[in-house]
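We name chains A, B, ... by the order of the sequence lines, and we start the count at 1 in each one. Side chains are part of it too, since the values below use all heavy atoms of this structure and drop only hydrogens, waters and symmetry mates.
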2 protein chains.
Amino acid sequence: MKIDPRKPADLSAQIAQAIRDAIISGELIVDERLPSEAELSDQFQVSRPTVREALKRLAAQSLIRTQRGASGGAFVNRISFEDAYSQQITTSTLLLSMNAVSFDTACEARFSLERACAPLSAQRRTSDQLATMRAEIFRQAQPRLSDEAFCASDVTFHRALVDGADNPVLSYQLAGAVEAMQPLMNMITFTARSREQIISLHNQIADALEERDAAKVDAKLVELEEYTRKLAQDVAQQHRKPA
Amino acid sequence: MKIDPRKPADLSAQIAQAIRDAIISGELIVDERLPSEAELSDQFQVSRPTVREALKRLAAQSLIRTQRGASGGAFVNRISFEDAYSQQITTSTLLLSMNAVSFDTACEARFSLERACAPLSAQRRTSDQLATMRAEIFRQAQPRLSDEAFCASDVTFHRALVDGADNPVLSYQLAGAVEAMQPLMNMITFTARSREQIISLHNQIADALEERDAAKVDAKLVELEEYTRKLAQDVAQQHRKPA
DNA sequence: AAGATTTTATTTGTCTGACATTTAAAAGTC
DNA sequence: GACTTTTAAATGTCAGACAAATAAAATCTT
């Protein structure tokens, strides 16, 4: 692990990159302890605060964890699916909100990915997952539910569907797409009529999963996508010419 | 933005989270300048190094960028698709390598997602993207190509397919899945026979895209997935009883 | 000798104060 | 008015110190 002090980039960024490369290449393995901050400052010929800034960068990416005390230090972290989820959700959410991604584009991506899970989910869904979906549908039918709570329940429903595929890699990839849509969905005002429609489709999706009918799940997801996009269009139109 | 100094977590982590929340909630908007490090240390009642560690954490997530000099400072960064790609690839790659995800699981996820793009790509692919795919197929046919280079070309081919869907959100999500598979794919030794088979399928996929035949693209992707999994199984079997 | 307690050493977390470097704006010069 | 110089503000880096946590070693007690 070497750095070039003449490079224009910040030393702490260079050091972080050097350690990151070592982790990715397998030179440093999971749970291995890095040299102490003092040793690293010697090794890279920089001060301790600079080393610390580098380590904090890596900690922010969940690449290392630190522990105080004797026999403490910085350890290479095994990135868990949990860690990866939350990072992905943060990034995806900001990516959509900051880059003026159209509702249609996001919606298309989300439903395309979700439909990719549908056949697997139809095969493998557990009764627990089906029960979760039914419970969320029940919650969605409560008339006093706020729009935000309705959307949150929608996310839970769809995550259960995705988890039904029983493939953690798929679940991880989808987490970003499904959750990142939520702020966009929150812009929609759901009328009693539109909620009824969505709940009906949710019920049909749950039915299809119960029957393990992949084609029907797919068809209903297509319907749901179309309906969702229509709702968004209505909102956009009302914005153009308000009452 | 407030922090609680009594909390067990590191101050720099708390400060980073407070600023992160402010960005996510929209309290801080893109290109807005954060207070200077000195001002932040006053505000949070901590020292400048602690503030700096917090800022480096945010910089590692591409949430802020910094600029030196007068009228410099830390600015809220617009997360680009580029930034998000590279972060996602790093995370996905480590996630797979560190968590003993089986080849089958990763492969299933990757092809499921890719098949989600196929119908859109069949509709929208440009002739440029088709040309890229043909060029990569040509490269793959070079007999002197190393296994690593063959895999790299494979990634380029499949990314072109995904980009054909003309949906940046989909491309972003897929980048992780496709690229993260590469280290796993690199474990496969491609014989002349298996390369021939893969190239043949690539050609048929390109043909199908040229004809805008979504069903055929899908079918060929299924074939390719099956063949890839078979190759991996052979490798695993050879490991069990080596020559 | 075994177990409980205290001490000690190590390591990260934090602070203070300083200097270097970069950069844009202000001041000065022709 | 255009160019040059100066200045001020901000981040980047350094050195040295102390605080706090923690595990291991040493000591004490029974």
Side-chain angles (χ1 to χ4, degrees), chain A residues 1-20 22-23 28 30-77, chain B residues 1-20 23 28 31-77:
Chain A
M1 289 196 300
K2 291 271 167 55
I3 58 169
D4 183 354
R6 289 158 308 184
K7 272 287 164 57
D10 297 351
L11 292 177
S12 73
Q14 283 186 62
I15 293 170
Q17 192 58 52
I19 299 176
R20 186 162 25 239
I23 294 175
L28 293 169
V30 167
D31 292 336
E32 185 171 340
R33 185 179 171 283
L34 291 155
S36 72
E37 295 174 354
E39 287 170 312
L40 285 172
S41 25
D42 269 5
Q43 196 173 318
F44 288 113
Q45 288 285 301
V46 298
S47 68
R48 218 187 116 205
T50 302
V51 167
R52 280 182 63 79
E53 287 177 12
L55 294 180
K56 295 314 161 200
R57 289 179 192 262
L58 298 173
Q61 295 180 300
S62 307
L63 293 182
I64 61 170
R65 60 178 186 279
T66 55
Q67 208 172 2
R68 292 173 77 164
S71 73
F75 298 83
V76 177
N77 199 29
Chain B
M1 289 195 299
K2 290 271 167 56
I3 58 169
D4 183 353
R6 287 157 310 183
K7 274 285 163 59
D10 296 351
L11 293 176
S12 72
Q14 283 187 60
I15 293 170
Q17 192 57 52
I19 298 176
R20 184 161 29 236
I23 294 174
L28 292 169
D31 292 335
E32 186 172 340
R33 186 180 171 283
L34 289 151
S36 73
E37 295 174 355
E39 287 170 314
L40 286 172
S41 25
D42 270 4
Q43 196 173 318
F44 287 113
Q45 291 284 301
V46 299
S47 69
R48 219 188 115 205
T50 303
V51 167
R52 281 181 62 80
E53 286 178 11
L55 295 180
K56 295 315 161 201
R57 291 175 124 103
L58 299 173
Q61 296 180 300
S62 308
L63 293 181
I64 61 169
R65 62 177 185 279
T66 55
Q67 208 171 2
R68 294 174 74 164
S71 73
F75 299 83
V76 177
N77 199 31

Spacing of B:F75 atom CZ relative to C:dA24 atom C1', expressed in whole Å: 11 Å
Sequence-distant partners of B:R33, salt bridge (charged side-chain N to carboxylate O under 4.0 Å, His left out), two or more places apart: none
Pairwise side-chain contact, B:L28 with B:I19, heavy-atom cut-off 4.5 Å (strictly under): yes
Nucleotide-resolved protein contact map, nucleotides 5-15 of chain D, B/S/- at heavy-atom distance under 4.0 Å: ----BBBBBB-
Set of residues satisfying salt bridge (charged side-chain N to carboxylate O under 4.0 Å, His left out) with respect to B:R65, sequence neighbours excluded: B:D31
Any side-chain donor near an acceptor of the partner, B:E53 and B:T50, under 3.5 Å: no
Value in whole Å for how far the P atom of D:dT22 lies from CZ of A:R65: 14 Å
Verdict with reasoning, A:L55 to A:I15, per side-chain contact (heavy atoms from CB on, under 4.5 Å): CA-CA 8 Å; A:L55 294 180; A:I15 293 170; over 6 Å; no
